[in-house]
There are 2 protein chains.
Amino acid sequence: MKYSKQREMILNCIKESHQHLTADAIYDTLKKDHPNLSLGTVYRNLAQLADHGMILKISIPGQPDCFDKNIDDHFHFLCIDCGNVKDVFVDELSEIKSHVEQQANVDIESIDITFKGVCTTCKQKKVQ
Amino acid sequence: MKYSKQREMILNCIKESHQHLTADAIYDTLKKDHPNLSLGTVYRNLAQLADHGMILKISIPGQPDCFDKNIDDHFHFLCIDCGNVKDVFVDELSEIKSHVEQQANVDIESIDITFKGVCTTCKQKKVQ
DNA sequence: CTACCTGCAAAAGGTTTGCATAGCC
DNA sequence: GGCTATGCAAACCTTTTGCAGGTAG
């Protein structure tokens with residue numbers, strides 16, 4: 001991967017954020033200081049960074065893809081009320097993986113899990 | 001839900017198939033005998049049928065949504081070589097659910113899991 | 001009769017791509 | 001110098017929507 005200023009900017013943007021950013025959010029953020037940046041470039045670089053394992057691409061049904069600086073095995077919880085996304089960890093992961101591999105006779109390379117429901121904050125609002 | 005011929009056709013199409021069908025596949029199939037059918041109608045009815053729990057909407061990242069007659073809790077394995085999708089079952093589901101609910105202090109209403117890897121057939125091809 | 005449904009076509013939204021130019025090594 | 005990356009805009013693909021007319025109950 002040849003160096004490019006744009007890719008560096010994009011990677012930094014993700015690393016500095018405490019959220020999961022969409023391509024569009026990254027574009028909007030960087031566009032302020034770099035008006036020539038193009039959305040196509042953002043997409044191309046995000047794909048490359050994800051391919052090289054430097055960031056994680058997160059696909060949640062019904063939402064635009066977003067990107068995560070945390071590349072460890074983890075999954076996401078989407079609140080169906082407020083739309084917030086929270087990281088979650090699944091202890092049983094290796095068991096699940098080997099069970100499914102045996103059951104279906106396949107080799108698993110990756111697992112995506114999306115939980116949907118009501119988050120802490122929205123739970124409290126409903127009680128009130 | 002008011003009866004409609006189109007909705008009946010669409011539901012039958014899914015029930016008679018042994019695959020996961022996309023809106024477009026259903027449209028193409030039915031279009032042969034019903035040239036006036038419109039793709040918008042297919043989408044509207046699929047959404048309704050899924051809302052009423054009569055079919056299951058399956059979202060696999062990078063693929064168009066497809067629909068499943070099997071509405072039981074089950075998940076999907078996508079072969080990254082041939083693109084085939086296989087149903088899989090996860091025994092540890094209730095454990096995972098309660099662990100994550102405690103860990104993140106949320107109420108989980110649904111879980112989507114997509115496994116990606118290499119299927120039986122493609123595994124064999126690689127050995128040869 | 002009225003509410004819901006349809007077909008058609010246009011629009012929306014996110015993402016990819018072709019092309020000519022610019023930049024890294 | 002050559003190969004890769006960029007900006008721009010157009011294209012793409014899936015899905016949704018507005019509208020005027022049709023159909024079930």
Side-chain angles (χ1 to χ4, degrees), chain A residues 1-14 19-52 54-68 76 78 83 85 112 114, chain B residues 1-14 19-52 54-68 76 78 80 83 85 112 114 116:
Chain A
M1 220 171 13
K2 191 192 283 190
Y3 170 86
S4 100
K5 190 176 183 171
Q6 287 85 343
R7 184 157 46 245
E8 186 179 41
M9 279 164 32
I10 291 166
L11 183 55
N12 283 339
C13 184
I14 293 170
Q19 294 177 296
H20 306 106
L21 298 175
T22 61
D24 212 58
I26 294 168
Y27 174 69
D28 284 347
T29 305
L30 298 177
K31 188 87 178 173
K32 288 172 197 158
D33 290 323
H34 307 269
N36 293 333
L37 180 66
S38 108
L39 187 54
T41 297
V42 175
Y43 274 103
R44 277 187 280 233
N45 280 302
L46 288 171
Q48 267 188 96
L49 290 167
D51 282 349
H52 286 74
M54 302 172 75
I55 57 173
L56 199 65
K57 178 177 180 172
I58 300 167
S59 299
I60 297 179
Q63 309 218 125
D65 290 345
C66 53
F67 297 83
D68 196 333
H76 298 94
L78 170 70
V85 175
D112 277 332
T114 306
Chain B
M1 225 174 4
K2 194 192 282 191
Y3 171 86
S4 100
K5 190 176 184 171
Q6 287 85 343
R7 181 155 49 243
E8 187 179 41
M9 280 165 28
I10 291 166
L11 184 53
N12 283 340
C13 185
I14 292 170
Q19 297 176 292
H20 306 104
L21 299 175
T22 61
D24 212 58
I26 295 168
Y27 175 69
D28 284 346
T29 305
L30 298 176
K31 188 88 178 173
K32 290 172 195 158
D33 291 322
H34 306 269
N36 293 333
L37 180 67
S38 109
L39 187 55
T41 299
V42 174
Y43 274 103
R44 277 186 281 233
N45 279 302
L46 288 171
Q48 267 189 95
L49 290 167
D51 282 349
H52 285 75
M54 302 171 75
I55 58 174
L56 200 65
K57 179 178 181 174
I58 300 168
S59 299
I60 297 180
Q63 309 218 125
D65 290 345
C66 54
F67 296 84
D68 196 332
H76 298 93
L78 170 69
I80 53 177
V85 176
D112 279 330
T114 305
K116 291 184 188 168

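Hydrogens, waters and symmetry mates are skipped; everything else that's a heavy atom, side chains included, is used. In the text below, chain A, chain B and the rest are named by the order of the sequence lines, each starting its count at 1.
Put simply, CZ on B:R7 is 12 Å from P on C:dG7, counting in whole angstrom units. Atom-to-atom, CE of A:M9 to C1' of D:dG7 comes out at 13 Å; the value is rounded to the nearest Å. Between the C1' atom of D:dT6 and the CG atom of A:L30 lies a distance of 14 Å, rounded to the nearest Å. Rounded to whole Å, atom P of D:dT15 lies 13 Å from atom CD1 of B:I58. Residue A:F67 contributes atom CZ, which lies 10 Å from atom C1' of C:dT15 at whole-angstrom precision. The distance from atom CG of A:L46 to atom C1' of C:dT16 is 13 Å, rounded to the nearest whole Å. To the nearest angstrom, C1' of D:dT15 lies 14 Å from CD1 of B:I26. Between the C1' atom of D:dC12 and the OH atom of A:Y43 lies a distance of 13 Å, rounded to the nearest Å.
In this structure the side chain of B:V85 reaches within 4.5 angstrom of the side chain of B:Q63, judged on heavy atoms. In this structure the side chain of A:P64 reaches within 4.5 angstrom of the side chain of A:T22, judged on heavy atoms. B:D68 places none of its side-chain heavy atoms less than 4.5 Å from the side chain of B:I55. Contact of the A:M54 side chain with the A:M1 side chain is registered, since non-hydrogen atoms from C-beta on lie closer than 4.5 Å. Using a 4.5 Å cut-off on side-chain heavy atoms (C-beta onward), A:R44 and A:R7 make no contact. Put simply, the side chain of B:K116 reaches to within 4.5 Å of the side chain of B:P61, judged on heavy atoms.
The side chain of A:T41 sits closest to D:dT6 out of D:dT6, D:dT14, C:dG7. Comparing atom distances between the A:L39 side chain and each of C:dT15, C:dG7, D:dG7 picks out C:dT15 as nearest.
In the helix from C:dC1-D:dG25 to C:dC25-D:dG1, the terminal helix axes, each the rotation mapping four pairs' C1' atoms onto the next four within five end pairs, subtend 30°, rounded to 10°.
Residue whose closest nucleotide on DNA chain D sits further toward the 5' end, between B:A23 and A:V42: A:V42. In terms of position on DNA chain D, the residue among B:C66 and A:L37 whose nearest nucleotide sits closer to the 5' end is A:L37.
Across all strands, A:D24 comes closer than 4.0 Å to no nucleic acid atom at all (heavy-atom distances).
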Review point. What one-letter contact string describes nucleotides 19-25 of chain C from 5' to 3', where B marks a base within less than 4.0 Å of any protein heavy atom, S marks contact via sugar-phosphate atoms alone, and - marks no contact?
Key: ----BBS
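The CG atom of A:D51 sits 11.5 Å away from atom CG of A:N45, with the distance rounded to the nearest 0.5 Å.
Within 6.0 Å of atom CD in B:Q19, 12 or fewer heavy atoms from other residues, nucleotides or ligands are found, so the atom counts as exposed in its surroundings.
At C:dT6, none of the side-chain N or O atoms of B:S38 fall inside 4.0 Å of OP1 or OP2 (strictly under the cut-off). Between B:Q48 and the phosphate of C:dC5, there is a side-chain N or O to OP1/OP2 separation shorter than 4.0 Å.
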